[in-house]
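Below is one structure, written out as structure tokens; the observations come after it.
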Amino acid sequence: MFKSNNCIAIHLEDITAAENFYTNVMKFRLLTKSEEHLEYETGYFLLYVNRDLNTQPPIPSFTVKDIGAARKCLLENGCTILREDKNSLYFRDPFSITYDVIEGK
């Protein structure tokens with residue numbers, strides 16, 4: 001049901017410092033940029049850097065065909081939905097690890 005989409009998100013407070021680090025130190029190729037978000041090509045996966053007051057460790061991302069069915073399955077198996085919108089959600093598994101799930105093909 002869940003398939004990796006080769007994306008990882010991180011949430012950091014200082015997006016300017018993050019841009020400097022990931023562009024100039026790590027030498028990742030910047031694909032898109034806004035005041036709230038950076039997207040990098042890293043070679044194997046896309047790295048999404050999101051401005052957030054709460055710094056978080058990397059969040060792996062998965063794609064599902066039906067977000068509603070995925071949500072139901074996760075809740076039935078001890079997961080906690082942290083935030084969601086129409087086509088995606090963040091959840092915490094029973095081991096306190098956070099993941100992103102996006103509805104797609």
Side-chain angles (χ1 to χ4, degrees):
M1 175 184 272
F2 293 83
K3 183 177 180 184
S4 172
N5 57 23
N6 298 325
C7 299
I8 296 178
I10 56 176
H11 293 250
L12 305 171
E13 188 173 344
D14 189 342
I15 202 160
T16 302
E19 180 180 7
N20 180 55
F21 180 79
Y22 293 110
T23 301
N24 299 316
V25 176
M26 299 295 289
K27 304 294 186 193
F28 294 154
R29 184 168 59 100
L30 182 63
L31 300 174
T32 61
K33 174 183 174 179
S34 73
E35 291 183 14
E36 301 296 320
H37 169 85
L38 305 168
E39 178 184 359
Y40 286 98
E41 169 59 52
T42 70
Y44 183 70
F45 60 88
L46 295 177
L47 176 65
Y48 292 90
V49 181
N50 300 302
R51 183 189 307 268
D52 197 325
L53 295 177
N54 300 309
T55 297
Q56 298 180 35
I59 301 171
S61 183
F62 294 90
T63 301
V64 295
K65 290 184 181 180
D66 183 339
I67 196 74
R71 182 183 194 283
K72 182 177 186 277
C73 176
L74 293 167
L75 290 172
E76 289 173 349
N77 288 281
C79 297
T80 303
I81 305 302
L82 302 173
R83 69 175 142 180
E84 62 185 310
D85 61 30
K86 182 179 176 184
N87 296 316
S88 66
L89 59 84
Y90 271 30
F91 75 94
R92 182 177 299 120
D93 72 11
F95 314 102
S96 296
I97 298 172
T98 300
Y99 297 90
D100 178 33
V101 179
I102 300 168
E103 184 174 81
K105 296 180 182 184

Next item on the list: Go through L82 and T80 one step at a time and tell me if the side chain to side chain contact (heavy atoms under 4.5 Å, CB included) criterion holds.
Entry: CA-CA 6 Å; L82 302 173; T80 303; 4.3 Å; yes
Next item on the list: Starting at CZ of F2, measure out to CD1 of I102 and round the result to the nearest 0.5 Å.
Entry: 12.5 Å
Margin query: Run L47 and Y22 through side chain to side chain contact (heavy atoms under 4.5 Å, CB included) and show every step you take.
Written below: CA-CA 10 Å; L47 176 65; Y22 293 110; 3.9 Å; yes
Next item on the list: Considering non-hydrogen atoms only, spot the tightest contact between M1 and A70 and give its length.
Entry: SD-CA, 4.0 Å
Next item on the list: Sequence neighbours left out, what passes side chain to side chain donor-acceptor pair (under 3.5 Å) with N54? Give chain and number order.
Entry: none
Checklist line | Straight-line distance of T63 OG1 to N87 CG, nearest 0.5 Å | finding: 11.5 Å
Next item on the list: Applying side-chain contact (heavy atoms from CB on, under 4.5 Å), name anything that partners L75, two or more places apart in sequence or on another chain.
Entry: R71, I81
Notebook entry, point to check: Which residues satisfy the side chain to side chain donor-acceptor pair (under 3.5 Å) test with D100, sequence neighbours excluded?
Noted result: S61
Check: If you round to the nearest 0.5 Å, how far is OH of Y40 from SG of C7?
Finding: 15.5 Å
Item checked: ILVMFWY network linking Y48 to V101, side-chain heavy atoms under 4.5 angstrom -> no
Check: Any sub-3.5 Å donor-acceptor pair from E103's side-chain atoms to I67's backbone N or O?
Finding: yes
Next item on the list: Could you pull out all residues at least two apart from F62 that satisfy ring-ring contact (aromatic ring centres under 6.0 Å, His included)?
Entry: Y99
Next item on the list: Would you check if the side chain of D93 reaches a backbone N or O of S96 as a donor-acceptor pair within less than 3.5 Å?
Entry: yes
Notebook entry, point to check: With sequence neighbours left out, which residue pairs that include part of residues 21-50 fulfil the salt bridge (Lys or Arg N to Asp or Glu O under 4.0 Å) condition?
Noted result: E19-K33, E36-R51
Next item on the list: Enter the distance from H11:NE2 to Y90:OH here, rounded to the nearest 0.5 Å.
Entry: 3.0 Å
Checklist line | Hydrophobic cluster membership, L46 vs M26, 4.5 Å side-chain cutoff | finding: no
Check: What is the minimum heavy-atom distance between D14 and A17, and which atoms define it?
Finding: OD1-N, 3.0 Å
Item checked: Rounded distance (nearest 0.5 Å) linking atom CZ of R92 with atom CD1 of I59 -> 10.0 Å
Checklist line | hydrophobic_cluster_shared for F45 and I10, side chain cutoff 4.5 Å | finding: yes
Item checked: Approximate separation, where rounding is to 0.5 Å, of F21 CZ and T23 OG1 -> 10.5 Å
Notebook entry, point to check: Cluster question for you: counting only ILVMFWY and a side-chain heavy-atom cut-off of under 4.5 Å, with indirect links fine, are F28 and L31 together?
Noted result: no
Margin query: Going by the rule side-chain contact (heavy atoms from CB on, under 4.5 Å), which residues pair with E13 if we only count those two or more places apart in sequence or in a different chain?
Written below: L53
Next item on the list: May I ask whether V25 and I8 are part of the same hydrophobic cluster, defined by side-chain heavy atoms of I, L, V, M, F, W, Y residues being less than 4.5 angstrom apart, directly or through others?
Entry: yes
Next item on the list: Compare every heavy atom of A9 with every heavy atom of N50, then report the nearest pair and how far apart it is.
Entry: ND2-CB, 3.9 Å
Notebook entry, point to check: Closest approach of P94 and N77, non-hydrogen atoms and distance?
Noted result: CG-O, 3.6 Å
